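Every value quoted in this text rests on a predicted model; they were computed, and no experiment measured them. All values below come from the heavy atoms of this structure, side chains included, with hydrogens, waters and symmetry mates left out.
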Amino acid sequence: MISPPLVTALLLAYRHERFVAEALRSLLAQTYQPLEIIVVDDASPDATPRAIAAELALHPGRTDIRVIVNPRNLGFSGNTIRAIAEAKGSFIIRLAADDIFAPTLIERMVEVWLRENVSLITVNATYIDADSRPLHRFYSPPGAIIDESFDTLACDGVNTACFGAVIGFERALFDEFGWAPDSLEASDIIMPFYAYLAKGARFIADPLVQYRTHGGNASHSLAAERATNPVDRLLAEEHIHYVHLAHSLWMDDELIRFNDRDPDRFGPIAQRIRPLLAVQQTQ
């Protein structure tokens, strides 16, 4: 029998002292093996490192977990790249330390990854508040159309697979394409873009993560929802529009670069996708 692949779960923490213990408990309860867990605190100014240490002290027999505390803040992309550098798994899953994960999350992601032979997997979520109370909403509501197509991502700037609460990807995808720069703000758009240039992306419709909404969320759509007056909402929605525009221009440049480098591989993709990006850029 073929042994299951080693998977690395990266739990990224920053100012998560209130939530990280719950996130850790759900991660330690995962059913998948073999699993490597790496917790990286990005120089949090609060008690996040102490909260991590206190929770792990309750699990002294766990030898599959490492904790890294950055001496200085690296920012989201820098911290992600730092964490990936430590990963030994062939499949890497990035998670946020303010969410809660179903015990079968990683098992299900690996199952779909291996069965579908794709480069990237994301999953559906239910939403909870800062006190872990359910908000009775989903990222993708039950029965909603699941659109994972590259064409939709290029034309609309997003598809169902572009949800970064939990994002799993082959190490080979990162090794070839790298990570999105901080200036683009939305790695959950660029990483699926890279995945479609490789073997594709899939979205698991079952809600396998409880996505926490609170004042520290980086989500642009949540910022628009939280806006207390029409002007603030309009400004937030305008920012979302410009973020998508910046991403479409980046994708266009990347397709030109990749086509120049390997026209046999990327030429047909560029020929199909660049006109769709042009549609998005003129909307």
Side-chain angles (χ1 to χ4, degrees), residues 3-44 46-70 76 79-80 82-114 120-134 139 163-171 204 206-214 216-217:
S3 299
L6 174 66
V7 171
T8 300
L10 304 176
L11 189 69
L12 304 186
Y14 180 68
R15 302 185 69 171
H16 288 147
E17 62 179 354
R18 183 178 173 187
F19 312 121
V20 68
E22 200 168 11
L24 262 174
R25 283 194 294 272
S26 66
L27 190 51
L28 292 169
Q30 292 298 303
T31 58
Y32 182 82
Q33 291 294 330
L35 180 63
E36 171 191 53
I37 298 172
I38 302 175
V39 183
V40 184
D41 176 74
D42 196 19
S44 293
D46 62 5
T48 299
R50 292 194 295 275
I52 293 169
E55 180 60 34
L56 293 182
L58 303 175
H59 309 273
R62 296 296 295 257
T63 60
D64 57 349
I65 184 165
R66 286 185 288 149
V67 178
I68 299 168
V69 178
N70 294 336
F76 181 75
N79 195 35
T80 300
R82 168 78 173 89
I84 293 172
E86 299 290 333
K88 296 182 175 65
S90 56
F91 192 71
I92 299 170
I93 302 174
R94 189 202 69 194
L95 312 108
D98 53 352
D99 295 332
I100 304 172
F101 318 109
T104 58
L105 167 69
I106 294 177
E107 182 179 347
R108 290 287 308 282
M109 293 181 77
V110 173
E111 174 190 334
V112 174
W113 167 52
L114 294 175
L120 181 141
I121 304 287
T122 59
V123 306
N124 202 0
T126 57
Y127 286 51
I128 58 175
D129 68 11
D131 297 311
S132 302
R133 293 177 300 217
Y139 164 70
F163 182 53
V166 173
I167 184 167
F169 50 93
E170 292 183 317
R171 177 58 187 254
I204 298 175
D206 294 333
L208 298 174
V209 58
Q210 295 178 60
Y211 177 62
R212 195 183 302 275
T213 64
H214 56 89
N217 286 115

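- Remark: Glu17 engages no residue in a salt bridge (charged side-chain N to carboxylate O under 4.0 Å, His left out) (not counting sequence neighbours).
- A search for ring pair (Phe, Tyr, Trp, His ring centres under 6.0 Å) contacts involving Phe101 returns nothing, not counting sequence neighbours.
- Distance check, rounded to the nearest 0.5 Å: CD of Glu107 to OG1 of Thr31 gives 3.5 Å.
- In this structure Phe19 satisfies the ring pair (Phe, Tyr, Trp, His ring centres under 6.0 Å) test together with His214, sequence neighbours excluded.
- Residues satisfying the side-chain hydrogen bond (donor to acceptor under 3.5 Å, both in side chains) test with Arg15, not counting sequence neighbours, are none.
- Note that CG of Leu27 and CG of Asp99 are 11.5 Å apart. Values are rounded to the nearest 0.5 Å.
- A distance of 8.0 Å separates OH of Tyr139 from CG of Asn124, quoted to the nearest 0.5 Å.
- With Gln33 contributing its side chain and Leu6 its backbone, the two residues share no donor-acceptor pair below 3.5 Å.
- For the salt bridge (charged side-chain N to carboxylate O under 4.0 Å, His left out) with Arg18, the qualifying choice from Asp98, Asp131, Asp46 is Asp131, the only one to do so.
- Counting all heavy atoms, side chain and backbone alike, Pro103 lies closest to Ala29 at CB-O, 3.8 Å.
- Under the rule for a ring pair (Phe, Tyr, Trp, His ring centres under 6.0 Å), Tyr14 has no partner lying at least two apart in sequence or in another chain.
- For Arg62, the side chain to side chain contact (heavy atoms under 4.5 Å, CB included) partners two or more places apart in sequence, or in a different chain, are Leu28, Ile37, His59, Asp64, Ile65.
- The aromatic rings of Tyr211 and Phe163 sit perpendicular, their planes meeting at an angle over 60°, well past the 30° parallel limit.
- Taking CD of Glu170 as the start and CH2 of Trp113 as the end, the distance is 5.5 Å to the nearest 0.5 Å.
- Taken from CG in Leu95 to CD1 in Ile106, the straight-line distance is 6.0 Å, to the nearest 0.5 Å.
- What you find for Ile93 and Met109 is that their closest heavy atoms are CD1-SD, 3.9 Å.
- For the pair Val67/Asp41, no side-chain contact is recorded, criterion being any heavy-atom separation below 4.5 Å from C-beta on.
- In this structure the side chain of Pro4 never reaches within 4.5 angstrom of the side chain of Val110, judged on heavy atoms.
- Residues Thr48 and Ala13 share a closest heavy-atom pair of CG2-CB, 3.9 Å.
- Minimum interatomic distance between Leu12 and Ala83 (heavy atoms only, all atoms of both residues): CD2-CB, 3.8 Å.
- In this structure, the side chain of Arg212 engages the main chain of Asp129 through a donor-acceptor pair within 3.5 Å.
- Of all the heavy atoms in Ser90 and Pro5, the pair that sits closest is OG-CB, 3.6 Å.
- Glu22 contributes atom CD, which lies 11.0 Å from atom CG of Leu24 (distance to the nearest 0.5 angstrom).
- Residue Thr8 forms a side chain to side chain donor-acceptor pair (under 3.5 Å) with just one option from Glu86, Glu36, Lys88, and that option is Glu36.
- Looking only at distances, no side-chain donor or acceptor of Arg94 sits under 3.5 Å from a matching main-chain atom of Ile84.
- Using modelled atom types, one side-chain atom of Thr213 and one backbone atom of Ile128 make a donor-acceptor pair closer than 3.5 Å.
- Side-chain N or O atoms of Arg82 include none that pairs as donor or acceptor with a backbone N or O of Asn70 at under 3.5 Å.
- Of the residues Val209, Leu105, Thr122, Val123, the one that meets the side chain to side chain contact (heavy atoms under 4.5 Å, CB included) test with Ile204 is Val123.
- A 6.0 Å sphere centred on CZ of Arg66 holds more than 12 heavy atoms belonging to other residues, nucleotides or ligands.
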